[in-house]
Amino acid sequence: MSALPSAVSRTGADTSGGAVKAPTFSFVIPALNEAADIAATLEATLAQRLPASEVIVVDGGSTDGTREIVRRYAGRGPVRLLEQRGRTGVGAARNAGIHAATGDVIVALNADVRPPPDFLERLAEAYVTGHDCVSVESRVENLSDAFGRFIQAEHELRYGPGREVGWTEGFSCRRELALRAPFPEEIPGAGGEDVVFFDRLRALGAAWRLERSIVVTHRTPSTLRDFWRQWRGRGRAVPYLERRVFGLPAGVVVARRALAALWSLTLALTVVGPLLGAWRRARRSPRGLRDLPAFWALDHVRMAAHRSGEWAGLLRMAREGRAQP
């Protein structure tokens, strides 16, 4: 696949008498305490051979120097810092960035995602052929640790060739559609808002393309503490998603979470099921079956963190409900 159709120039100028104009692109990056990753991500956005119109970082109240790093980049090209008061969640941050953007196409990046230099060139080809949103492939960078290998193996197991993938790292869509199908803002933190956004786009009839030949890389947690926090955060979002986005009755949400906890406990007490899952992931690891024990243990940690987060989310919603007049 060529980087850009021959009839499209990098500037969008008509080079063949009947060229289709290339769209302009805006990167939107939500950030909350991302000092360890944000610089590398900004470097990757600024290294694009087809320059972005803007790179908007939406900070949700970082306390670790993230904003200071972004401000240093603001003098290098189109980087902008958009500050939000309070920790409003990833959905709200992305919506704020989309409203502030001016590009034809929004590229939603997490703060640990690095697009390759030809990323926007490759995306442009999909958009000039009439697509409205594009999903791409992703790869974990930190395969030197078991956490990264576990996440990459899980990705290949769930979303490998032959499986339909909607939202992905490096997802992009036309801004006009993103404004009509905003991210849900009812979810604190991050978890599920991206899938809801994609489903809303498809409900509007958006022409979608999955382009696995375009690959972005990303970093995953590389310590047990960060791994636990990530999965607990995702679990905490589930009750909000079910109750406030999907509108399920409170009793149904509690029952579903209780059944999920019971199922996880049942799996934890068995041997064959978890070992089979670890074996299937280990087969996709660079270390092969040597990762079997680590993957077995990490799967249990992930389940425990996720269920812990779900119940934390339920308790938080209950407290919020009591606090309302």
Side-chain angles (χ1 to χ4, degrees), residues 1-31 34 37-58 69-82 94 97-98 100-142 165 167-178 207-219:
M1 182 183 295
S2 61
L4 274 175
S6 59
V8 180
S9 73
R10 293 187 180 189
T11 62
D14 188 330
T15 60
S16 66
V20 178
K21 183 179 179 180
T24 56
F25 292 91
S26 295
F27 286 106
V28 172
I29 307 171
E34 300 286 357
D37 292 309
I38 192 64
T41 296
L42 291 176
E43 290 284 354
T45 63
L46 293 175
Q48 294 297 302
R49 293 205 293 258
L50 176 63
S53 295
E54 58 205 344
V55 181
I56 302 174
V57 179
V58 186
I69 294 172
V70 177
R71 289 192 186 103
R72 291 202 296 268
Y73 277 88
R76 295 178 51 189
V79 177
R80 296 167 53 191
L81 174 64
L82 183 61
R94 285 179 173 141
I98 291 167
T102 60
D104 301 319
V105 174
I106 300 295
V107 181
L109 288 188
N110 289 329
D112 59 357
V113 176
R114 285 61 143 148
D118 64 348
F119 179 67
L120 294 184
E121 285 184 334
R122 302 287 301 280
L123 283 183
E125 180 177 0
Y127 285 100
V128 298
T129 55
H131 290 84
D132 297 315
C133 49
V134 180
S135 304
V136 301
E137 184 60 271
S138 64
R139 294 282 184 272
V140 173
E141 284 186 4
N142 50 306
V165 184
W167 174 272
T168 61
E169 302 283 4
F171 182 84
S172 61
C173 72
R174 296 189 187 275
R175 179 174 179 268
E176 60 194 54
L177 281 174
W208 166 66
R209 173 173 171 178
L210 170 59
E211 185 51 77
R212 291 187 182 273
S213 68
I214 304 176
V215 181
V216 299
T217 59
H218 66 106
R219 293 193 62 81

How far does [atom1] of [X] sit from [atom2] of [Y], to the nearest 0.5 angstrom?
{"X": "Ile106", "Y": "Leu177", "atom1": "CD1", "atom2": "CG", "value": "11.0 Å"}
{"X": "Thr45", "Y": "Ile56", "atom1": "OG1", "atom2": "CD1", "value": "11.5 Å"}
{"X": "Arg139", "Y": "Glu169", "atom1": "CZ", "atom2": "CD", "value": "12.5 Å"}
{"X": "Arg71", "Y": "Leu81", "atom1": "CZ", "atom2": "CG", "value": "5.5 Å"}
{"X": "Thr168", "Y": "Leu210", "atom1": "OG1", "atom2": "CG", "value": "7.5 Å"}
{"X": "Glu34", "Y": "Leu42", "atom1": "CD", "atom2": "CG", "value": "11.0 Å"}

Search all heavy atoms of [X] against all heavy atoms of [Y] and return the closest pair with its distance.
{"X": "Asp37", "Y": "Arg219", "answer": "OD1-CD, 3.7 Å"}
{"X": "Gly170", "Y": "Val107", "answer": "O-CG1, 4.3 Å"}
{"X": "Ala100", "Y": "Leu82", "answer": "CB-CD2, 4.2 Å"}
{"X": "Gly103", "Y": "Ser26", "answer": "N-OG, 2.9 Å"}
{"X": "Val215", "Y": "Pro116", "answer": "O-CD, 3.1 Å"}
{"X": "Pro78", "Y": "Ala52", "answer": "CG-O, 3.8 Å"}

Side chain of [X], backbone of [Y]: donor and acceptor closer than 3.5 Å?
{"X": "Glu54", "Y": "Thr102", "answer": "yes"}
{"X": "Thr41", "Y": "Val113", "answer": "yes"}
{"X": "Arg49", "Y": "Glu121", "answer": "no"}
{"X": "Gln48", "Y": "Leu120", "answer": "yes"}
{"X": "Arg174", "Y": "Asp104", "answer": "no"}

Between [X] and [Y], is any pair of side-chain heavy atoms under 4.5 Å apart?
{"X": "Glu43", "Y": "Arg114", "value": "no"}
{"X": "Leu46", "Y": "Arg76", "value": "yes"}
{"X": "Ile38", "Y": "Ile29", "value": "yes"}
{"X": "Pro23", "Y": "Val128", "value": "yes"}
{"X": "Val136", "Y": "Phe119", "value": "yes"}
{"X": "Val165", "Y": "Arg212", "value": "yes"}
{"X": "Val105", "Y": "Ser172", "value": "yes"}

- Query: Tyr127 vs Phe25 aromatic rings, parallel, tilted or perpendicular, using cut-offs 30° and 60°?
  - Reply: perpendicular
